[in-house]
Protein chains: 4
Amino acid sequence: MADDLAGRAELRVAVLGVGVMGAFHVDRLSRTVHGARVTVINDAAADRADTIACAAGARVEPDPIAAINADDVDAVVIASPGPFHAEQVSACLDRGIPVLCEKPLTTSPESAYEIVRREAALPGRLIQVGFMRRYDAEYVKLRTLITDGGVGDPLLLHCVHRNPDNRPEFDSSMMITDSVVHEVDVARFLLGEEIAAIQVTKPTAKRGTPDGQWDPMIVLLTTETGKVVTVEIFARTGVGYQVRTELVGSAGSAMIGLDLGLISTVGPLGAGHWGGPVAPGFVERFATAYGTELQAFVDAARQGTVDGPSAWDGYAAAAVCAAGVEAVRTGESVPIHLQPRP
Amino acid sequence: MADDLAGRAELRVAVLGVGVMGAFHVDRLSRTVHGARVTVINDAAADRADTIACAAGARVEPDPIAAINADDVDAVVIASPGPFHAEQVSACLDRGIPVLCEKPLTTSPESAYEIVRREAALPGRLIQVGFMRRYDAEYVKLRTLITDGGVGDPLLLHCVHRNPDNRPEFDSSMMITDSVVHEVDVARFLLGEEIAAIQVTKPTAKRGTPDGQWDPMIVLLTTETGKVVTVEIFARTGVGYQVRTELVGSAGSAMIGLDLGLISTVGPLGAGHWGGPVAPGFVERFATAYGTELQAFVDAARQGTVDGPSAWDGYAAAAVCAAGVEAVRTGESVPIHLQPRP
Amino acid sequence: MADDLAGRAELRVAVLGVGVMGAFHVDRLSRTVHGARVTVINDAAADRADTIACAAGARVEPDPIAAINADDVDAVVIASPGPFHAEQVSACLDRGIPVLCEKPLTTSPESAYEIVRREAALPGRLIQVGFMRRYDAEYVKLRTLITDGGVGDPLLLHCVHRNPDNRPEFDSSMMITDSVVHEVDVARFLLGEEIAAIQVTKPTAKRGTPDGQWDPMIVLLTTETGKVVTVEIFARTGVGYQVRTELVGSAGSAMIGLDLGLISTVGPLGAGHWGGPVAPGFVERFATAYGTELQAFVDAARQGTVDGPSAWDGYAAAAVCAAGVEAVRTGESVPIHLQPRP
Amino acid sequence: MADDLAGRAELRVAVLGVGVMGAFHVDRLSRTVHGARVTVINDAAADRADTIACAAGARVEPDPIAAINADDVDAVVIASPGPFHAEQVSACLDRGIPVLCEKPLTTSPESAYEIVRREAALPGRLIQVGFMRRYDAEYVKLRTLITDGGVGDPLLLHCVHRNPDNRPEFDSSMMITDSVVHEVDVARFLLGEEIAAIQVTKPTAKRGTPDGQWDPMIVLLTTETGKVVTVEIFARTGVGYQVRTELVGSAGSAMIGLDLGLISTVGPLGAGHWGGPVAPGFVERFATAYGTELQAFVDAARQGTVDGPSAWDGYAAAAVCAAGVEAVRTGESVPIHLQPRP
């Protein structure tokens with residue numbers, strides 16, 4: 001009963017980093033998530049922090065560590081650039097408050113594992129990593145198909161991940177660490193296993209791709225029991241955002257992401273076309289999943305717990321991606337050796 | 001054995017009327033139908049007859065009745081204008097050779113019934129009416145779902161029939177007699193019952209439709225046991241050709257004609273579109289069905305029989321369409337009273 | 001600034017009636033809607049009220065009018081049986097607080113119009129009617145297609161509304177007033193016009209339907225400018241919940257509700273089947289729309305306004321449904337005459 | 001004109017090998033292909049030859065070479081086991097008559113290349129290889145999308161090839177030579193390039209797969225300009241036959257084979273399912289393509305020519321598959337070195 005009353009108090013959240021992703025989180029927390037309020041905003045860009053804070057009715061704190069330790073903060077959402085994550089997550093662990101950290105957990109497997117160990121030494125979990133696809137209704141259905149045995153033993157996954165465009169510095173390494181990292185987590189989530197090896201095949205790139213860069217690429221993941229995941233990663237299709245996953249099991253298969261929601265038929269005489277719009281970007285495709293993710297974080301935090309993808313999930317993904325960056329360079333299959341799970 | 005040998009002789013066909021439809025039949029008979037050859041061509045337009053005959057290696061016969069009675073003709077395909085059908089079909093009955101008559105069988109229920117009676121007095125069937133949808137693989141699957149009981153008792157049909165365009169004289173009456181006639185036959189084919197009443201609702205027409213004409217229209221057919229068929233008929237969508245039928249039964253439903261064969265994803269950044277081309281016209285949509293229809297006619301004729309939609313089907317459709325034309329005029333539900341089936 | 005602060009106060013909501021729909025609203029308000037809290041629960045069944053109130057951390061108020069007038073209530077959600085709506089909505093108008101009233105607004109066009117007039121005499125709107133489809137992402141896309149001119153002038157709508165099952169007393173009249181009422185509002189929302197006439201066609205009923213009842217039925221709505229809406233209403237398919245709407249315009253068409261989200265392929269050898277699950281009920285199909293509807297109500301209430309479907313929308317739907325019940329009885333097209341809009 | 005008359009003579013065909021595939025060809029030639037007649041049947045199993053010949057009105061010739069050289073044979077269809085192909089095709093070249101040879105052209109790249117050289121020394125082509133997918137309407141649409149530039153420069157192909165079941169001796173090598181061979185030809189047909197390397201990844205096999213065998217497998221083909229083709233090959237899904245190909249270009253993508261032709265909705269209350277049947281086998285999926293392939297062979301032969309996939313296509317596929325068998329064994333990427341094209 002006391003717990004229940006405690007759980008009803010509105011969660012006061014500090015958001016660190018209010019670029020596209022962080023601003024989106026502030027908006028969700030302020031407008032559609034139940035039981036939370038953004039009280040503190042931090043960003044390296046003072047004017048951006050001011051604008052977002054003003055709209056959200058929050059205050060600005062220029063020092064991220066001070067924000068984490070502020071009296072009016074019960075929990076933290078980290079959406080700052082990756083290099084700041086290790087220190088900011090550590091500060092949350094120090095204070096002992098829940099933190100939702102956007103991927104990557106940190107920028108290296110080593111620093112991520114250090115976080116895993118530090119959290120493991122605490123009485124309970126504090127870290128949720130922002131792999132939002134685990135909250136997407138279609139991915140949840142795929143996972144349910146596996147746990148229900150609806151398609152038999154899972155054998156393969158085929159993933160397609162196409163971005164419409166990206167900023168110039170988004171290179172082939174970032175295609176692994178920033179994009180394929182989602183498929184790495186999806187594979188671990190759906191198959192319930194660690195990834196043991198990664199190989200990257202580099203087709204002739206789309207015209208206009210800079211020398212030494214590849215786009216699209218084909219990634220092959222092999223799990224510890226030998227299941228295989230194929231991933232097409234395409235950073236700049238010029239069209240729209242498409243994320244599709246097909247599960248192949250011993251008794252059937254299932255595909256999500258075809259996105260046949262609205263079927264219209266239009267066009268000039270003799271050249272008519274049926275179909276529908278492609279989602280323009282990840283915000284449109286995963287808006288509901290992001291909201292569900294935040295709600296789950298807030299709900300758990302108000303009950304004194306943390307749920308969803310863990311620091312270990314963040315570490316394992318980082319380890320696979322580090323091997324993936326090497327695989328881009330060498331063209332060879334690169335094995336992944338995880339540290340012991342604490 | 002003798003029958004079998006007889007069956008193997010190549011069927012020599014006269015084609016009467018070589019407009020779009022007739023020319024298409026000549027082409028199929030000359031290039032993809034097994035066991036047939038076009039020997040005689042007749043058309044009111046002499047030069048058109050010459051061109052088609054030359055390409056097909058056939059001769060021209062300027063008199064349709066002479067064509068029917070020619071020594072080098074075993075069977076007849078009638079694709080001439082409707083007003084000529086009654087006389088031409090009668091001549092085929094007189095000579096006792098098989099005839100595939102494009103719809104309409106004749107231009108009035110009375111003349112169609114006269115044909116039914118004359119054929120019934122002969123020892124066997126000679127007439128097949130050109131309702132090609134009965135040979136379309138998807139309609140066959142719908143029919144099989146009904147006969148197999150896969151969706152329980154059939155209760156409703158929803159039909160959509162959209163033409164991209166039509167010649168100026170194609171008025172609201174012709175929308176019934178030339179277009180909805182296909183849904184009338186589909187309903188009779190799928191449900192295995194006669195149509196007992198027809199009602200036509202006339203929405204405000206698409207801009208540009210002449211005064212006194214309606215496009216699109218909504219047609220309601222009621223069968224003798226009270227099943228209901230809804231039909232959207234649209235003569236000039238400006239887009240493409242779409243024919244869709246949904247069967248609603250007591251244990252489920254089934255839809256054909258969505259035409260999701262090829263799914264492409266293209267388009268400028270941020271305005272991408274997935275989908276596929278709409279069939280431009282009935283030839284593309286039903287090309288295979290027309291071929292199957294002709295093959296069935298030829299196969300049966302070579303065995304001395306006739307198969308497929310009968311003169312009675314042609315008469316019943318004519319009776320429904322005549323009532324439909326009245327229903328367009330009056331806006332009332334018009335009952336259909338069929339003559340006794342001989 | 002003061003307004004903004006006011007807007008941030010948590011909205012305290014009384015929920016009247018906690019059957020399936022009301023309990024669902026309490027759950028949404030307590031768990032996923034931002035900025036609201038259920039403080040008071042009222043229901044004729046005391047134990048049901050207790051259970052729901054306990055889970056929501058709210059108190060029970062046995063008198064609905066007292067609940068509406070309670071000090072700890074800023075806004076009201078009415079999900080009680082229809083016959084109580086008129087009095088309860090009136091009490092909200094008396095006190096001057098916002099109310100989200102589940103359909104029907106009241107049980108007769110006359111009483112609904114009385115509500116419309118009483119609200120119109122107040123300084124601003126207080127009533128939102130629970131037509132949740134206006135908040136469904138797919139219906140919003142259809143509406144956008146119309147306002148953007150993407151399919152030209154709208155001409156027709158084809159609606160399919162299939163319920164898996166219903167309680168025994170759900171008769172053909174209720175199929176109009178409780179089910180088709182949604183299509184009536186969808187038609188008004190999409191086309192932006194009033195309905196001028198309604199006709200109901202009664203096919204032979206599914207086996208097991210009681211004498212004097214019809215299931216399924218075909219409803220035709222005609223708008224004031226002559227657009228036509230076809231509706232298949234089916235109360236007990238025995239399969240699942242399917243709601244589909246196709247818009248036909250002068251330059252194209254568009255369909256929502258095919259629900260092709262997950263495509264799996266399973267089955268015994270030689271009898272494999274591809275496809276996906278049918279939504280079992282309206283809660284699953286429209287869960288997100290209900291949440292969005294409640295969020296919109298709460299957001300507006302916290303700003304001192306009301307948004308969404310209005311009392312007039314509730315009145316117009318009631319008038320169409322009353323005519324529809326007569327149309328079920330007579331089989332004739334029944335005209336709808338609306339009172340002047342205040 | 002003389003050519004045209006020659007072209008009209010009925011083609012007399014010998015069919016060598018009347019197992020499943022050969023019997024299917026006999027049936028098409030006897031019943032739906034225009035301008036051909038099966039005159040001679042040869043098969044190692046005398047009773048099978050008798051049965052098929054009797055039904056087709058053909059005679060049996062126990063010696064295949066005698067069948068090829070018979071007076072009543074104008075052209076040959078080879079559907080005998082692969083090891084006989086080299087000698088039988090050679091005999092057709094010796095006599096100078098057209099031959100449609102089921103894949104494989106021969107059982108080794110060396111013997112296939114020998115056939116290529118022998119045919120190249122003749123005045124014109126005589127060999128068509130039975131890669132029927134080139135005649136499938138959907139593959140033709142994909143090819144047209146490429147030649148029209150509709151999806152920009154082709155970059156990737158993703159292929160799925162799932163068989164419902166196979167005989168026990170169908171091992172991982174045969175999965176390459178008998179199944180993936182179709183994707184090899186599809187890739188060459190669509191991309192218009194040779195395959196330069198092949199790699200095979202072997203996931204943990206479906207339970208019940210014999211030791212030393214893998215099912216499913218992932219095949220990666222790389223073309224001479226660096227385009228990449230991914231292939232999932234699955235020999236025994238237990239479900240049905242699924243062949244899907246997605247083309248990814250620099251300006252969009254396109255997929256065929258989803259096979260959404262008939263959408264039904266059935267099932268017990270609360271567990272309803274929408275979808276349609278999976279094609280049970282390759283005959284159902286590609287029946288029309290086989291017919292079109294045969295018609296193209298017959299049409300060309302009657303004009304004194306040969307069309308479609310050539311001996312070179314057969315040789316190139318054989319070379320890729322030989323490398324593929326090695327790749328199954330080694331797990332390494334195996335380069336393909338083609339002999340000079342004569």
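Side chains included, hydrogens not; waters and symmetry mates left out as well; all remaining heavy atoms used. The structure presented is a predicted model; accordingly, all values stated were derived computationally and were not measured.
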Nearest 0.5 Å, what's the [atom1]-[atom2] distance between [X] and [Y]?
X: D/Leu221; Y: A/Thr201; atom1: CG; atom2: OG1; answer: 11.0 Å
X: D/Ser253; Y: A/Phe234; atom1: OG; atom2: CZ; answer: 9.0 Å
X: A/Leu156; Y: D/Met217; atom1: CG; atom2: CE; answer: 11.5 Å
X: D/Ile218; Y: A/Leu220; atom1: CD1; atom2: CG; answer: 6.5 Å
X: D/Ser333; Y: A/Gln199; atom1: OG; atom2: CD; answer: 8.5 Å
X: A/Thr230; Y: D/His158; atom1: OG1; atom2: NE2; answer: 7.0 Å

### Message
Looking at A/Asp153 and D/Lys206, is there a salt bridge between them, counting it only when a charged N and a carboxylate O are closer than 4.0 Å?
### Response
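Not counted as a salt bridge, because no side-chain N and carboxylate O are separated by less than 4.0 Å.
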
### Task
Mind ranking D/Pro203, D/Gly208, D/Gly249 by heavy-atom pairs under 4.5 Å with chain A and telling me who comes out on top?
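That would be D/Pro203.
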
### Message
For the interface with chain D, which of A/Lys227, A/Arg207, A/Arg236, A/Glu232 has the highest count of heavy-atom pairs at distances below 4.5 Å?
### Response
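Of A/Lys227, A/Arg207, A/Arg236, A/Glu232, A/Glu232 has the most heavy-atom pairs under 4.5 Å with chain D.
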
